[in-house]
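Structure, as structure tokens:
Positions are given from 1 along the sequence. Predicted model only: the values in this text are computed from it and were never measured. Below, each value reflects all heavy atoms present in this structure, side chains not excepted, and no hydrogens, waters or symmetry copies.
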Amino acid sequence: MLTLQDVTGEYERAARVSALLDTDTPSALLSESGAVLQASHGLLELLPAASPVVTGAPLWAWPCFAHVPSDTVRDLVRLAATGGAARADVELQGAAP
């Protein structure tokens with residue numbers, strides 16, 4: 001017995017996500033809870049040199065932000081999860097004051 005399943009749609013979605021994250025722009029694919037599922041090259045480059053990649057941790061806990069956990073990032077993620085939009089300045093780790 002042979003069972004086949006068309007997974008074309010899954011491959012197409014994976015390719016679109018890959019294309020969105022294959023960039024120097026800091027961006028991430030987040031779960032509903034704000035955990036980072038995948039990160040772009042640009043976001044990974046913001047991590048301090050000695051920091052491990054923290055995929056699976058909430059974005060606001062990533063060590064690339066000056067104040068971890070970042071309340072501002074957490075609030076932005078929660079607002080985005082409800083369909084809201086906002087802008088904020090977020091200080092990065094090692095950024096000049």
Side-chain angles (χ1 to χ4, degrees):
M1 181 196 272
L2 177 65
T3 302
L4 299 175
Q5 181 178 356
D6 183 7
V7 293
T8 304
E10 292 175 31
Y11 280 111
E12 289 172 356
R13 282 187 294 279
R16 284 194 298 265
V17 168
S18 262
L20 288 172
L21 295 175
D22 188 21
T23 178
D24 291 332
T25 301
S27 55
L29 175 63
L30 305 177
S31 70
E32 289 180 16
S33 67
V36 176
L37 301 175
Q38 293 181 332
S40 70
H41 303 292
L43 183 59
L44 295 174
E45 288 176 4
L46 293 177
L47 291 171
S51 294
V53 175
V54 285
T55 302
L59 180 61
W60 54 87
W62 275 46
C64 56
F65 301 111
H67 307 287
V68 176
S70 173
D71 293 335
T72 303
V73 174
R74 184 188 62 234
D75 293 344
L76 289 170
V77 168
R78 288 181 177 164
L79 182 61
T82 63
R87 292 185 99 153
D89 290 326
V90 179
E91 188 177 345
L92 297 175
Q93 182 68 26

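- Remark: Pro26 pairs with Leu43, Leu46 by the side chain to side chain contact (heavy atoms under 4.5 Å, CB included) rule, at least two apart or across chains.
- The two residues Val68 and Pro63 make their nearest non-hydrogen contact at CG2-CA, 4.0 Å.
- Separating the CZ atom in Arg87 from the CG atom in Leu76 is a distance of 11.0 Å, to the nearest 0.5 Å.
- The hydrophobic cluster containing Trp62 does not contain Leu79, counting ILVMFWY residues as joined when their side-chain heavy atoms lie under 4.5 angstrom apart, directly or transitively.
- The minimum heavy-atom distance between Gly56 and Ala35, with the atom names listed, is O-CB, 3.4 Å.
- Val90 and Ser70 make their closest contact through CG1-OG, 4.2 Å (heavy atoms, listed as atom of the first residue, atom of the second, distance).
- Of the inter-residue distances, the one linking Asp71 atom CG with Arg78 atom CZ reads 9.0 Å to the nearest 0.5 angstrom.
- Summarising the geometry, atom CG belonging to Leu47 is positioned 10.5 Å from atom CD belonging to Gln93; distances are rounded to the nearest 0.5 Å.
- Using modelled atom types, one side-chain atom of Ser40 and one backbone atom of Ser27 make a donor-acceptor pair closer than 3.5 Å.
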Candidate pair Thr55 and Gln38, rule side chain to side chain contact (heavy atoms under 4.5 Å, CB included), full reasoning: CA-CA 7 Å; Thr55 302; Gln38 293 181 332; over 6 Å; no
Would Val54 and Val36 count as a side chain to side chain contact (heavy atoms under 4.5 Å, CB included) here? Give the steps. CA-CA 8 Å; Val54 285; Val36 176; over 6 Å; no
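- Note that CG of Asp22 is 4.0 Å distant from NE2 of His41, once rounded to the nearest 0.5 Å.
- Scanning for side chain to side chain contact (heavy atoms under 4.5 Å, CB included) contacts around Leu37 gives Leu29, Ser31, with sequence neighbours left out.
- Remark: Phe65 CZ to Thr72 OG1 distance equals 10.0 Å, nearest 0.5 Å.
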